[in-house]
Amino acid sequence: MIDSSSASPGRGGLRRYARRFWFDIPLWGRILIGLAGGVAAGLLLRDSAVNLKWMGDVFVRLIRMLVVPLIFVSVVAGVASMADPSRLGRIGGRTLALYLGLMLVASAVGLTLGALIKPGVGVDLTGVTPETIDQAKPLGQAMLEIIPINPIAALAAGDTLSVIFFALLLGLGVLVVGEEARPLKAVFDSASSLMLRLVHFVMELAPFGVFGLIAWVVGTSGPGAFLSIFKLALCVILGCAVQTIIIHGGLLRLLARLPVLPFFRDIADAVIVALSTSSSSATLPVAMRVAQMNLGVSPTVASTVLPLGVTLSMDGTALYVGLLATFSAQVFGVHLELADYLAIMAVTTLVALGTAPVPSASLFLLAAVLSVIGLGPEQTALIVGFILPFDRPLDMLRTVPNCTSDLSVCVAVARWEDELDMAAYVAKPVE
Ligand code: ASP
């Protein structure tokens, strides 16, 4: 008689071995494997790689599902655990000043590269189908709408800034009420640990999600997309590298006096998720986890600086829009003076503040910025029509500095506030 049990321990053992082998690789390594596999699958499958996109969609939906509850509970818990409410003002002030300063620099980097490499010279827009795009809201209205009329509606609509506003007030209230609000504080503390745990679970799917998203982008856009806009893509790649490595690295090295290598090693998960999802909003839960678990930032600083950054700080976006402004000026033969460059920097920074942290959001800013150099809606529609087919790969690149600006500012503020655990910062991340 054949003993049927004799075959299964072998298979079970193999499965156990494969599982151990997979989980022994650190998460960033597994995500990199997903990324490399996605590139290979995209090149191999070409257009049929679209059939793998669902894996990415599942991952993005799971991670986006966590964004609103995570922001809400962690901002309340973070503010409520401040010893002194006046620190909130100091942390907020430093954070906003850094975010604005970095965006101005990012826009200057985009303008400089555009002026040097001249990606728009020789570009012919005949045959391009114009694409009109709704304009971003005026800044004044966008600022007013930060105050939610109905906080529950803001939570339901996933209105990040309004949720932060309400959560900040609630956290301050818990601080001021003190003893009586203690049970509520305990609830938010435990809810915020729980949410981080959920992020951890969802991140186990990141290698597969990244695989699906990258296969889809490479398969449907292909390297050909980069070739047809070679100079513009080169500017975006160079600009994002300069902003991330030199500017964000420089902030940590020179202003926060920290070694930069641990920073770049520890944020790998967040960078790859930003790259593959093209959404800083979807990257927020990973960034929160990375900041607290890998970089040693205290929950108080991570939960105030990062959610603000996800909506307000958009270095990659400011860089890209600055670059597109020079690109458009070159395409339409508009000569730019120093005053134009300064005006573009100011407008880009202001409108980038209100950009939604979602794919292709940059294009919504173009109309406002291009009007500064005298280009009208028809010309903007032509530029958008030209860029749109290639926007996804460029969006992936610019979302990386959008994410590293938040994380570098978070670490710098934590350092100045004495809220950075140096031993955890320099140590290798624990899985
Ligand atoms: N995709 C970018 C982000 O989510 C925004 C953009 O520049 O389009 O950060």
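Computed from a predicted model, the values in this text were never measured in an experiment. One-based numbering, in listed order, for ligands and for the atoms of each.
- Atoms of ligand 1 lying under 4.0 Å from at least one heavy atom of Ser279, given by number and element, are 4 (O).
- With a 4.0 Å cut-off on non-hydrogen atoms, Ser278 touches ligand 1 through its backbone and not its side chain.
- Inclusion of Val358 in the set of residues having an N or O under 3.5 Å from an N or O of ligand 1 is warranted.
- Annotation: Phe72 is in aromatic contact with Phe188 [ring centroid separation under 6.0 Å].
- Two rings, from Phe386 and Phe327, have their centers less than 6.0 Å apart.
- The pair Lys53-Asp57 counts as a salt bridge, with a side-chain nitrogen and a carboxylate oxygen less than 4.0 angstrom apart.
- Close approach of ligand 1 to Thr399 (heavy-atom distance below 4.0 Å) involves ligand atoms 1 (N), 2 (C), 3 (C), 9 (O).
- Listed by number with element, the atoms of ligand 1 under 4.0 angstrom from any heavy atom of Ser360 are 8 (O).
- With contacts defined as side-chain heavy-atom distances shorter than 4.5 Å, the pair Thr380/Leu382 does not qualify.
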After noting the C-alpha distance and the side-chain angles of Thr160 and Thr311, does the key distance pass the side-chain hydrogen bond (donor to acceptor under 3.5 Å, both in side chains) rule?
CA-CA 7 Å; Thr160 318; Thr311 29; 5.7 Å; no
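- Inter-residue side-chain proximity for Phe332 and Ile383 is flagged as met; some heavy-atom pair is nearer than 4.5 Å.
- Heavy-atom distances between Gly316 and ligand 1 stay at or above 4.0 Å for every pair.
- Using a cut-off of 4.0 Å between Lys/Arg side-chain N and Asp/Glu carboxylate O, Asp24 and Arg30 are scored as not salt-bridged.
- In summary, the atoms of ligand 1 found under 4.0 Å from a heavy atom of Asp395, numbered by their order in the structure, are 1 (N), 2 (C), 6 (C), 8 (O).
- Comparing Ser362, Pro401, Ala318, Ser281 against atom 8 (O) of ligand 1, the shortest heavy-atom distance belongs to Ser362.
- Considering backbone and side-chain N/O atoms, Asn402 comes within less than 3.5 Å of an N/O atom of ligand 1.
- Contact annotation for Pro359 and ligand 1: only backbone heavy atoms (N, CA, C, O) come within less than 4.0 Å of the ligand.
- A donor-acceptor pair under 3.5 Å is formed between the side chain of Asn402 and the backbone N or O of Asp315.
- With respect to atom 3 (C) of ligand 1, the closest heavy atom belonging to the protein is Ser280 OG, 3.1 Å.
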